[in-house]
Amino acid sequence: MNSINTLEHRLATAMSDRAFRVFCVLVLRTNGTWRDIPAIAAEMSMRPHEIRHALSELCAVGLAQKERRYERGSTGRPTWHTYVRLADDNTAGATLEDVA
């Protein structure tokens with residue numbers, strides 16, 4: 001199944017407006033690379049906690065992937081950072097077949 005049909009199916013699901021806006025930012029500004037949540041929130045003039053639920057929605061329908069990394073923060077203390085990117089076409093296609 002091609003990625004266009006997969007995307008149409010995913011966008012037809014019940015998705016909040018905020019989740020759609022986050023998806024648009026991921027498509028237009030990330031080029032499929034991993035970005036941290038604060039950077040994505042800054043692109044939308046929002047705070048990170050305001051987009052976390054929307055990112056969870058996108059991950060649930062297979063449009064985005066999350067990854068947590070344990071690394072040093074700006075203060076030098078080790079902490080968890082969450083990164084997000086668009087889902088690979090292979091991942092989205094496999095998920096669609098599972099749903100259909």
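Two residues are said to be in side-chain contact when any heavy atoms from C-beta on lie closer than 4.5 Å; T82 and D36 fail this criterion. Within the 4.5 Å cutoff, no side-chain heavy atoms of L63 are placed close to those of L86.
Sorted by first then second residue, the salt bridge (charged side-chain N to carboxylate O under 4.0 Å, His left out) pairs that include residues 45-66, not counting sequence neighbours, number zero.
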I would like to know whether L26 and L58 meet side-chain contact (heavy atoms from CB on, under 4.5 Å); could you show each step before the answer?
CA-CA 11 Å; L26 290 173; L58 293 174; 4.2 Å; yes
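Evaluation of the salt bridge (charged side-chain N to carboxylate O under 4.0 Å, His left out) rule for R85 yields D88 as partners, not counting sequence neighbours. In terms of the side chain to side chain contact (heavy atoms under 4.5 Å, CB included) criterion, residue partners of R72 (sequence neighbours excluded) are, by chain and number, P78. In this structure E67 satisfies the salt bridge (charged side-chain N to carboxylate O under 4.0 Å, His left out) test together with R69, sequence neighbours excluded. In this structure, the salt bridge (charged side-chain N to carboxylate O under 4.0 Å, His left out) partners of R29, at least two apart in sequence or on a different chain, are E43. Annotation: side chain to side chain contact (heavy atoms under 4.5 Å, CB included) contacts of H81 (sequence neighbours excluded): E71, T79, Y83.
The minimum heavy-atom distance linking P48 with P38 is given by the pair CG-CA, 3.9 Å. Across all their heavy atoms, A41 and I51 have their closest contact at N-CD1, 3.7 Å. When all heavy atoms of Q65 and W34 are compared, the closest pair comes out as O-CZ3, 3.5 Å. Residues G62 and A87 come closest through the heavy atom pair O-CB, 3.1 Å.
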